[in-house]
Amino acid sequence: MKVSLFATCLANALYPDIDLTMARILTYLGHTVDVPEGQACCGQIAFNSGYFDDAREVARTLIDSFEHSEIVVGPSGSCIAMIHHYYPTLFENEPAYLKKANDLIHKSYEFTQFVVDVLKTPDLGASYSAKATYHPSCHATRLLSIGDAPLTLMKHIKGLELVPLTEAQLCCGFGGTFSVKMPKLSTAMVAEKAQHVLDSGADLLVGVDMGCLMNISGYLEKINKPVKTMHIIQLLGEGMKS
Amino acid sequence: MTMYDPTVDQRVDKALANDFLRLATRRATDRLRNNRVKAAEELGDWQKWREAGETIRTHVVANLDFYLKQLITQIEKQGGHVHLAKTPAEAVTFVKNIVREHKAKNVIKSKSMISEEIHLNHALEDEGSTVIETDLGEYIIQIAGEPPSHIIVPAMHKTRQQVADLFEPIAGHPLTSDTPTLTRFVRNKMRESFLQGEIGITGCNFAVADTGSIVMVTNEGNGRMVSTLPRVQITLMGMERLVPSFRELDVMLNLLARSATGQKFSSYTTILTPPKQASDPDGPEEFHLVILDHNRSEILGDKTFRPALNCIRCGACFNVCPVYRQIGGHAYGSVYAGPIGAVITPLLENDWYKWGHLPFFSSLCGACSEACPVRLPLHDLLVKLRARKVVGGHTPKIEHQIFKTYRFFFTHEKTLRKALRLGSKLQWPLVRNGRISVGIPPLSNWTNSRTLPKVSPKSFMQMWSELNRN
Amino acid sequence: MTNTNEFISLLASKLGRPTPTQAPEPVAINVPQYRSSTRKDRASLFLDNWHALGGKGMIVKSPEETMQCLKEWFGDQQATWPNKQQAIVAWDMLPTVAEFAFAALEWPLVRYSQEAQSSPDRYSLAAQAELGVTGADWGIALSGTLVVNSSPQRGRAVSLLPPLHLAFIEASKLRDNLFDVLEELTSLGMPPSAIEMISGPSRTSDIEMDLSIGVHGPIEVYVIVIDD
Ligand code: SF4
């Protein structure tokens with residue numbers, strides 16, 4: 001298959017290794033990977049702040065950049081959920097772009113969803129020894145319904161012990177601009193999440209959304225109780241090196 | 001930079017500093033949530049019940065004029081009186097007039113969120129009547145002079161010791177703070193009030209259009225007392241709280257009880273078709289129904305927000321909300337707190353300065369929408385409210401500028417690459433031990449409690465094109 | 001002050017159409033309903049749920065068994081009730097089995113709707129009683145609920161004011177779920193002034209979420225299912 005990567009703004013700027021690893025894994029699985037130029041962001045930052053007009057133009061740019069792609073895969077449940085859940089709202093009054101948006105919706109996947117549900121290759125032959133816990137990000141689970149795909153991938157990693165996270169379904173308090181607009185609420189929320197991570201006894205925190213992970217690990221680091229944190233793609237990438 | 005009431009931040013600070021409040025809220029909401037999940041599983045096919053609930057509510061709201069008219073006609077035919085209030089002030093006046101006409105000194109009330117919405121108690125007390133809230137939780141906050149902190153458990157924020165301290169002056173003797181003592185005190189105290197009540201004021205969970213009935217759901221039995229013993233009954237209802245007939249009640253009552261407290265049904269579900277028949281040995285001889293609009297008609301006319309009228313006030317969204325969990329109800333500042341309060345308060349009150357913060361009391365995690373028994377897309381409505389606020393010009397200019405800038409860079413990917421490269425070079429003053437851990441506003445809102453990774457010297461897009469070139 | 005027509009037509013305008021003159025087509029409701037396989041299952045589910053709510057319940061086959069049950073539940077207390085003549089308040093008419101049992105035990109019943117002239121007098125009668133005895137119109141197995149219609153011979157306060165409430169219900173009046181009860185209620189035509197659905201004793205969790213029984217309504221609830 002020919003797979004186009006959606007780098008996502010956060011990974012592009014702060015965690016380019018995630019995108020690189022995603023490319024590497026998909027190539028390893030026998031697919032041709034390209035990265036259409038012009039793509040930048042799903043528009044969620046502006047959308048969630050209520051700036052729909054600004055979000056729409058950013059979304060339009062994204063739609064245009066993937067117009068000729070067959071399949072689009074991104075390393076963030078939240079960004080893909082933005083496309084699936086909100087693009088129809090953004091373009092409700094623009095039939096031409098609504099159609100293009102729907103095309104994108106039908107061909108876009110979050111990485112774990114793509115590998116497990118579409119490619120049906122849950123076992124990537126990775127091994128990594130750690131005691132890991134998984135934070136199910138809200139948008140990936142609630143808006144995109146990726147279900148257990150990430151856990152399925154993790155269960156196939158040799159040497160990885162999975163421990164449960166208490167109240168896993170609770171939001172970590174990231175919420176995009178929420179974290180800077182309502183910093184105190186956000187901090188109270190991440191403090192609770194961080195405590196659950198510490199209580200889990202895990203030495204590795206894994207997730208599918210770098211925004212949430214950046215929030216939780218950033219807090220843990222600030223309180224001097226850092227816990228190693230990896231995006232699931234980073235984890236698979238490390239595990240597949242051996 | 002804020003364009004909202006500064007007391008919001010003070011309330012949040014106060015709530016965050018109150019350890020008991022936070023622990024109590026967490027415990028109570030966890031319990032209510034677990035009970036709900038269990039009760040839903042027990043019933044089986046919960047998603048089908050939710051769909052049915054949504055269908056019924058949407059149908060009622062889409063035909064609200066018809067069903068209200070039917071209800072009004074039916075009640076009047078049965079000898080009841082209907083009062084249509086456009087505003088809270090009008091609703092208060094209706095109630096006041098009835099109380100005045102009967103020269104009633106003792107008014108007893110069962111739980112009604114509409115009465116909170118119109119701030120009824122003070123108005124009646126100013127008239128010289130004694131108004132007693134008979135729901136235990138409502139009674140506690142009435143004495144404390146506070147608004148409810150949760151729509152199902154109004155005194156969730158109070159410790160048993162605080163409750164004992166509130167009751168003692170009324171009891172006139174010391175009370176221990178164990179639950180049986182406190183409940184027994186209230187039982188004895190309220191008995192007199194029930195028997196002396198001249199007018200009973202109740203809320204209304206559902207009104208049945210074709211029979212002119214009022215459905216009331218309570219656990220303590222106070223709702224039954226208030227609607228059985230006094231000679232006059234006044235029921236307050238929000239304009240939208242209807243079902244067409246008994247047929248739809250099965251779904252609505254199952255959803256309501258299971259979502260609110262995780263019970264199969266509440267201890268008492270009462271279907272009243274007042275006033276009493278002449279030869280009935282008890283029940284009210286006179287019945288008044290006050291129906292409140294208070295901008296609900298505006299919401300009805302607004303397709304985007306019309307679904308907000310589907311709410312059945314079960315409180316399930318409160319119990320899963322990670323924001324409510326941290327701060328409880330009072331920090332919201334509104335009569336209705338939690339996710340649904342954050343949606344309807346700005347719509348009902350129409351005051352962005354005072355209530356513009358509410359749509360932002362959410363990380364948009366969607367837990368509320370997932371829990372809602374009538375499938376209200378609460379998180380969607382919250383984000384759409386934010387958009388309303390922006391379009392209405394109620395956000396700061398600088399914010400508009402920020403998003404214009406964002407839009408520019410993220411629609412010009414090549415320029416963005418350059419900007420990121422520049423950023424990675426300029427970030428060093430903020431970097432400690434390889435992480436960004438100090439910042440200036442608004443970045444400091446993040447860095448005060450969290451570190452941030454550095455901007456990568458090369459963005460992925462940059463790396464990829466370089467890789468491909470080689 | 002707004003009149004009805006004005007109020008309704010504002011809503012119609014908000015909905016963007018004139019108010020329908022005919023009742024809208026009812027919505028289809030597709031929810032799976034619980035169905036018990038036998039009458040016996042239904043009765044035992046009803047009692048299981050009633051017990052789970054904290055109520056006491058028993059199935060009886062004869063007047064003798066009823067007496068036995070009453071003695072067991074109330075015998076000891078009855079001996080200590082100060083005003084035995086006024087201790088038990090009841091509807092005008094109870095199921096025959098009940099009437100027989102109380103008569104045979106020589107436990108006097110005060111008839112709520114006949115004993116006093118005015119409502120306030122009736123209320124204090126019921127408030128001072130130890131036990132309120134009623135029948136019931138339906139029982140709901142799935143939730144352990146009693147459904148009780150009001151009528152001139154009954155009185156709503158009997159199941160509300162005394163600290164103990166005892167209800168008699170014929171097994172033939174048990175239904176699987178609320179849906180079935182509502183269907184039958186609908187077919188009765190105009191509903192009575194009150195339909196009380198009672199699921200267990202009065203309860204509250206308003207103080208620190210600590211469950212407490214009997215805050216305003218009955219503290220203990222009993223049901224006797226008559227195997228008819
Ligand atoms: S919005 Fe839904 S969950 Fe929240 S109170 Fe209303 S009905 Fe319940």
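Residue numbering restarts at 1 for every chain, and letters A, B, ... go by the order of the sequence lines.
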*Asks:* To the nearest 0.5 Å, how far apart are NZ in Lys69(B) and OG1 in Thr4(C)?
*Replies:*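 Here the rounded value is 9.5 Å.
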*Asks:* Looking only at heavy atoms and a cut-off of under 4.5 Å, which of Leu11(C), Leu160(C), Thr204(C) has the most pairs with chain B?
*Replies:*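 Option with the greatest count: Leu160(C).
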*Asks:* With a 4.5 angstrom heavy-atom cut-off, could you sort out which part of Asp210(C) is near chain B: side chain, backbone, both or neither?
*Replies:*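 Both backbone and side chain.
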*Asks:* Determine the minimum heavy-atom distance between Asn63(B) and Pro20(C), stating which atoms define it.
*Replies:*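 Nearest heavy atoms, Asn63(B) then Pro20(C): OD1-CG, 4.2 Å.
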*Asks:* Grab the two heavy atoms, one from Ser212(C) and one from Thr179(B), that are nearest each other, plus how far apart they are.
*Replies:*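 Looking at all heavy atoms of both residues, the closest pair is CB-CG2, 3.6 Å.
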*Asks:* Check step by step if side chain to side chain contact (heavy atoms under 4.5 Å, CB included) holds for Phe246(B) and Ile195(C).
*Replies:* CA-CA 12 Å; Phe246(B) 280 172; Ile195(C) 303 161; 4.2 Å; yes
*Asks:* With heavy-atom distances below 4.5 Å as the criterion, would you say the side chains of Met190(C) and Gln277(B) are in contact?
*Replies:*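 Side-chain contact under 4.5 Å: no.
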*Asks:* Using only heavy-atom distances, determine whether the side chains of Tyr139(B) and Asp206(C) contain a donor-acceptor pair under 3.5 Å.
*Replies:*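 Result is no, nothing qualifies.
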*Asks:* Less than 4.5 Å apart, side chain to side chain, heavy atoms only: is that true for Leu10(C) and Asp293(B)?
*Replies:*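 They are in side-chain contact.
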*Asks:* Would you call Lys14(C) and Leu64(B) a side-chain contact if the rule is heavy atoms closer than 4.5 Å?
*Replies:*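 With C-beta onward as the side chain, the pair stays apart.
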*Asks:* Using non-hydrogen atoms only, which part of Tyr112(C) is less than 4.5 Å away from chain B: side chain, backbone, both, or neither?
*Replies:*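 Looking at Tyr112(C), just its side chain touches chain B.
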*Asks:* Do Ser199(C) and Lys264(B) have side chains that approach each other closer than 4.5 Å (heavy atoms only, starting at C-beta)?
*Replies:*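 Counting from C-beta outward, Ser199(C) and Lys264(B) never come under 4.5 Å.
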*Asks:* Of the backbone (N, CA, C, O) and the side chain (C-beta and beyond), which part of Arg156(C) lies under 4.5 Å from a heavy atom of chain B, both, or neither?
*Replies:*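 When you check distances to chain B, atoms from both the backbone and side chain of Arg156(C) fall under 4.5 Å.
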*Asks:* At what distance, to the nearest 0.5 angstrom, does CD of Gln153(C) lie from OG of Ser279(B)?
*Replies:*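 Between Gln153(C) CD and Ser279(B) OG, I get 7.5 Å after rounding to 0.5 Å.
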*Asks:* Out of Leu53(C), Ile198(C), Leu178(C), which residue meets the side chain to side chain contact (heavy atoms under 4.5 Å, CB included) rule with Phe265(B)?
*Replies:*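 Testing each of Leu53(C), Ile198(C), Leu178(C) against Phe265(B), the sole residue satisfying side chain to side chain contact (heavy atoms under 4.5 Å, CB included) is Leu178(C).
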*Asks:* Is there a side-chain contact between Arg184(B) and Ile219(C), using heavy atoms and a 4.5 Å cut-off?
*Replies:*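 A side-chain contact is absent here, since even the closest heavy-atom pair is not under 4.5 Å.
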*Asks:* Is Asn177(C) close to chain B through its backbone or its side chain, or both, or neither, when contacts mean heavy atoms under 4.5 Å?
*Replies:*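 When you check distances to chain B, no heavy atom of Asn177(C) falls under 4.5 Å.
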*Asks:* Quick one about Glu220(B) and Ser202(C) (side-chain donor to acceptor, distance below 3.5 Å, no hydrogens or angles considered), yes or no?
*Replies:*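 Glu220(B) and Ser202(C) do not have a side-chain donor-acceptor pair below 3.5 Å.
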*Asks:* Let me know if Glu248(B) has heavy atoms under 4.5 Å from chain C in its side chain, its backbone, both or neither.
*Replies:*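 Contact with chain C involves both backbone and side-chain atoms of Glu248(B).
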